[in-house]
Structures are given as structure tokens and as C-alpha cells.
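Comments concern the structure below.
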Protein chains: 2
Amino acid sequence: MVAPDANTTRTQLLEHAQQLICTRGCNGFSYRDLADLVGVKSATIHYYFPSKDDLLFEAIQAYNMQVMAGIRTHDASEPARQRFEAYLARVSNLCGTNRLCLGGMLAAELMSYSDKVRTAVQAFFHAQEKWVAEVLAQGAAEGTLRFHGTPEEAARAVCATVQGCLLIGRLTREPLKLRETLSALFIDNGAAVEPAVP
Amino acid sequence: MVAPDANTTRTQLLEHAQQLICTRGCNGFSYRDLADLVGVKSATIHYYFPSKDDLLFEAIQAYNMQVMAGIRTHDASEPARQRFEAYLARVSNLCGTNRLCLGGMLAAELMSYSDKVRTAVQAFFHAQEKWVAEVLAQGAAEGTLRFHGTPEEAARAVCATVQGCLLIGRLTREPLKLRETLSALFIDNGAAVEPAVP
DNA sequence: GTCTATACCTCGATAGAC
DNA sequence: GTCTATCGAGGTATAGAC
């Protein structure tokens with residue numbers, strides 16, 4: 001919730017924490033690991049984030065903000081297909097980085113966390129699914145996207161498939177083929193696989 | 001590789017280890033947690049699995065065997081659609097259990113592991129994708145399954161989507177809708193949503 | 001704010017009695 | 001085979017000087 005202003009220690013800690021979570025998971029790094037990356041001592045982390053639960057919570061909250069802010073730059077004034085392409089392009093940025101989606105990683109380790117963090121992870125996916133559902137509904141109205149079930153159901157399928165692709169993509173070290181994978185979800189596959197964003 | 005004969009201590013340890021990994025991940029439980037579940041002391045675990053890496057490796061190997069053995073009871077003498085349904089039914093068994101696929105969980109925590117375990121996780125998905133690709137190819141020949149690209153590419157997409165559905169399904173505590181998500185693969189969707197496996 | 005120093009715990013792992 | 005006992009390392013977290 002704190003403004004991500006400058007290169008403050010707090011901001012650096014949060015950014016490196018996100019990186020560590022995305023690659024190794026929250027149970028896979030220690031305060032010392034994080035402190036070394038930023039160049040401080042581990043006691044300094046406790047000054048900003050008293051417990052690891054606090055750090056985790058702030059990390060997922062900030063990630064949620066960042067992702068949604070990036071996505072929402074493409075509002076309903078753009079065609080749905082273009083908005084959807086922009087979403088996929090964002091996800092594809094994780095390709096080849098040894099990182100998963102932070103939300104996906106926390107979802108995997110979900111049972112290790114407090115209710116507070118768990119709820120935040122759920123909220124992250126809820127927000128994302130809601131946005132995708134809106135785009136799908138718009139695409140249906142424009143006649144450019146067709147899918148099975150309600151926009152909400154299809155959006156959930158899209159978000160799930162995205163997570164699966166990230167997981168398998170990192171494991172096999174092969175490019176994502178996210179678009180091709182998602183094309184199976186759409187009725188009009190031939191049109192959907194054409195790149196719509198120049 | 002050891003025969004999973006009876007209720008030996010070793011077998012019980014392996015089963016409970018699999019359970020713990022599927023729910024909390026390998027970094028989310030300790031030797032003491034596992035020992036308590038089986039009713040032995042943690043030193044006993046070291047007798048069977050000298051290091052945690054050994055335990056992990058055996059767990060993924062055994063899981064690989066179990067899954068592939070279950071899948072392979074449906075061989076090419078059955079229609080592809082029926083084989084595919086059986087596969088989805090198996091996956092759906094994880095629904096509502098707080099468990100993920102063991103392979104998927106290890107794939108998430110991948111960067112924490114040794115090369116040996118990493119390779120085993122890759123082998124797990126490779127075997128599964130190979131089987132699914134075979135079924136998809138058969139379905140294409142029989143005219144009952146339709147997909148984009150090669151059977152191998154489509155199989156990878158299927159396996160990725162399965163993992164994503166498990167991840168999101170546990171998070172939101174809603175039923176999987178795995179079939180609906182993958183329903184676009186089926187040529188005759190109207191028929192496909194009816195249960196094909198009694 | 002950041003440090004040093006440290007408390008206190010849990011971890012994986014080992015030695016040796018039985 | 002399973003136990004008790006214990007080790008050393010590393011974990012989160014805190015106190016207090018600066």
C-alpha cells in the first residue's frame with residue numbers, strides 16, 4: 001500500500017522478494033538470502049516487514065497492483081481481441097526467466113500460509129479473472145471471440161491454462177506456445193491464432 | 001524401485017511423503033512431520049532415505065509409476081475418447097483433497113532441487129505427454145478428437161491445462177470443470193459432455 | 001534506519017545402544 | 001530396524017548501540 005516511489009530500501013526489498021518468490025517459492029528463500037541481494041543485514045528486513053507473513057502479504061498485494069495496473073491500460077475503448085493479445089503478451093514476458101507468476105507460485109504453496117495471505121492470493125486471481133471475463137464478453141459482443149460457457153467460466157479456464165503453461169514452460173525450457181494452447185479453448189480457432197497486436 | 005509390497009515402514013513413509021508433498025510442497029514439511037504421521041522417529045526415515053533428496057527422488061519415481069500404470073490400463077484397444085475420459089477422471093480424483101499433482105508441485109518448487117530430482121520431474125511430464133499424444137493421435141484417426149498442431153503439441157497443452165486447473169481449483173475451492181475447459185478438443189461437444197465412463 | 005549480537009527454535013543428519 | 005541423544009547449521013525474530 002506504500003507508494004513505490006524511489007529506490008528506497010523498502011522498495012528494493014519488496015522487488016527482490018518478489019523475484020525470489022517467483023523463482024524459488026516463499027519456503028525456498030530466507031531473510032538472509034533477501035538481505036544479501038539488497039546489500040543489507042537481515043535485521044533491516046524486520047524493520048520494514050516484522051514477520052515473513054507481512055513480507056509475503058505485501059509482495060502479493062504489490063504484485064496484484066502492478067499486474068492489474070498494466071492490464072488496465074488497455075480499457076474497453078480498444079477492441080477485445082487487442083486487449084486479450086496485450087494480456088497474453090504480458091504473461092509471455094515471464095518466458096525464459098526462471099520465474100513463475102507470483103500468484104501461481106503462492107497458489108502452489110498455499111497450505112503453508114496464513115489465512116491473510118491465502119485470501120490475498122484468491123483476490124489476485126479473482127481480479128484477474130474478472131478482467132478477462134469482461135474482455136471475453138466484449139469479444140463475444142464484437143464477434144471476435146467465441147468460447148464455451150459463460151465469460152466467467154471461460155475466463156477461469158484462461159487463467160488456469162496460463163498458469164499451467166508457465167509451469168510446464170519453465171520445466172521443459174521450451175517456449176510457451178501460450179497462444180496456441182489457448183486457441184484450443186476458443187471455438188473459432190482459425191481466426192484466434194492470428195496475431196492481432198502489431 | 002522397491003516393490004511396494006505390504007504395509008512396510010518404507011511404504012508408509014513413501015505414501016505419507018507423497019501426501020505431504022502434494023499438499024504443502026517439499027519445502028513445506030520436515031522429517032519430523034513425516035515421522036509423526038507414520039508413528040516413527042525421524043531417525044528412522046534416514047535409515048530408508050538417507051537424505052531428503054533421496055526421499056524426493058523416490059517419491060516422484062513412485063508417483064510416476066503409479067500414474068502411468070493407472071493410465072496404461074486403458075490401452076489402444078479402447079476408443080480414444082474413452083481413454084481420454086479415463087485420464088480426465090483420474091485427474092479429477094484430486095479434486096477437493098487439498099492436494100495438487102505431485103509432479104506439478106515439484107515443478108513449481110523446481111529451483112530448490114538437485115539435478116537428479118529435476119530430471120525425474122521432467123521425465124514424469126514427458127511420459128504423461130507421450131501417452132496423451134498417442135491418445136490424441138488415435139482420436140484424430142478415429143475422428144473423435146480434434147486439436148491444433150501436432151499431437152505432441154496438443155498433448156503438452158492438455159497437460160499444462162490440467163495442472164492449471166488443479167492449481168486454481170484448489171485455490172478457489174470450486175470444482176474443476178476440467179472437461180469443460182478442454183471441451184473444445186472434442187469434435188462432438190454435445191455428446192462429449194455426457195459422462196462416457198460409467 | 002541500519003547495524004551487531006544473540007536468543008531460541010527447527011532443520012537435516014549422524015552415532016551408537018538395543 | 002528402531003530408538004535416544006546429540007550435533008552443527010541455518011531459520012526467524014528481538015534487543016539495543018549507533
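Numbered from 1 within each chain, the chains take letters A, B, ... in sequence-line order.
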**Request:** Rounded off to whole Å, could you give me the CG-to-C1' distance for the B/Leu13 and D/dT2 pair?
**Result:** 12 Å

**Message:** How many whole angstroms separate atom NZ of B/Lys41 from atom P of D/dT4?
**Reply:** 5 Å

**Request:** Identify whether any heavy atom of B/Phe29 sits under 4.0 Å from a base atom; if not, whether one sits that close to sugar-phosphate; answer base, sugar-phosphate or nothing.
**Result:** sugar-phosphate

**Item:** Nearest-nucleotide comparison on DNA chain C, the residue closer to the 5′ end among B/Phe49 and A/Val40
**Value:** A/Val40

**Request:** Would you indicate, yes or no, if D/dG11 has its OP1 or OP2 atom less than 4.0 angstrom from a side-chain nitrogen or oxygen of A/Tyr31?
**Result:** no

**Prompt:** Can you tell me how far C1' of C/dT2 sits from CG of A/Asp36, to the nearest Å?
**Reply:** 15 Å

**Message:** From CZ of B/Arg32 over to C1' of C/dA13, roughly how many Å is that when rounded to an integer?
**Reply:** 10 Å

**Asked** Any side-chain N or O of A/Tyr47 under 4.0 Å from OP1/OP2 of C/dT2?
**Response** no

**Complete:** Rounded to whole Å, the CD1-P distance (B/Ile45 to C/dC11) equals 11 Å

**Complete:** Picking from C/dT4, D/dT12, D/dC3, the nucleotide nearest the side-chain atoms of A/Ala43 would be C/dT4

**Fill in**
B/His46 atom NE2 is separated from C/dC11 atom P, nearest whole Å, by 11 Å

**Prompt:** Atom NZ of A/Lys52 and atom P of D/dG10: how far apart are they, to the nearest Å?
**Reply:** 15 Å

**Prompt:** Within less than 4.0 Å of OP1 or OP2 of C/dG1, is there a side-chain N or O belonging to A/Thr9?
**Reply:** no

**Asked** Is any NZ, NE, NH1 or NH2 atom of the basic residue among A/Glu15 and A/Arg10 found under 4.0 Å from an Asp or Glu carboxylate oxygen of the other?
**Response** no

**Fill in**
B/Asn27 CG to C/dC11 P, in whole Å, measures 13 Å

**Asked** Is there a side-chain contact between A/Glu58 and A/Leu14, using heavy atoms and a 4.5 Å cut-off?
**Response** yes

**Request:** Please find out if less than 6.0 Å separates the ring center of B/His46 from that of B/Tyr31.
**Result:** yes

**Asked** For C/dC11, does either OP1 or OP2 sit under 4.0 Å from a side-chain N or O belonging to B/Ser42?
**Response** no

**Item:** Closest listed nucleotide, where the reference is the side chain of A/Tyr48 and the choices are D/dA13, C/dT2, C/dG12
**Value:** C/dT2

**Ion pair A/Glu152/A/Lys130, N-O distance below 4.0 Å** = no

**Message:** Between B/Arg156 and A/Glu174, does any side-chain N to carboxylate O distance fall below 4.0 Å?
**Reply:** yes

**Message:** So, does A/Ser30 get its side chain near the phosphate of D/dG11, meaning an N or O under 4.0 Å from OP1 or OP2?
**Reply:** yes

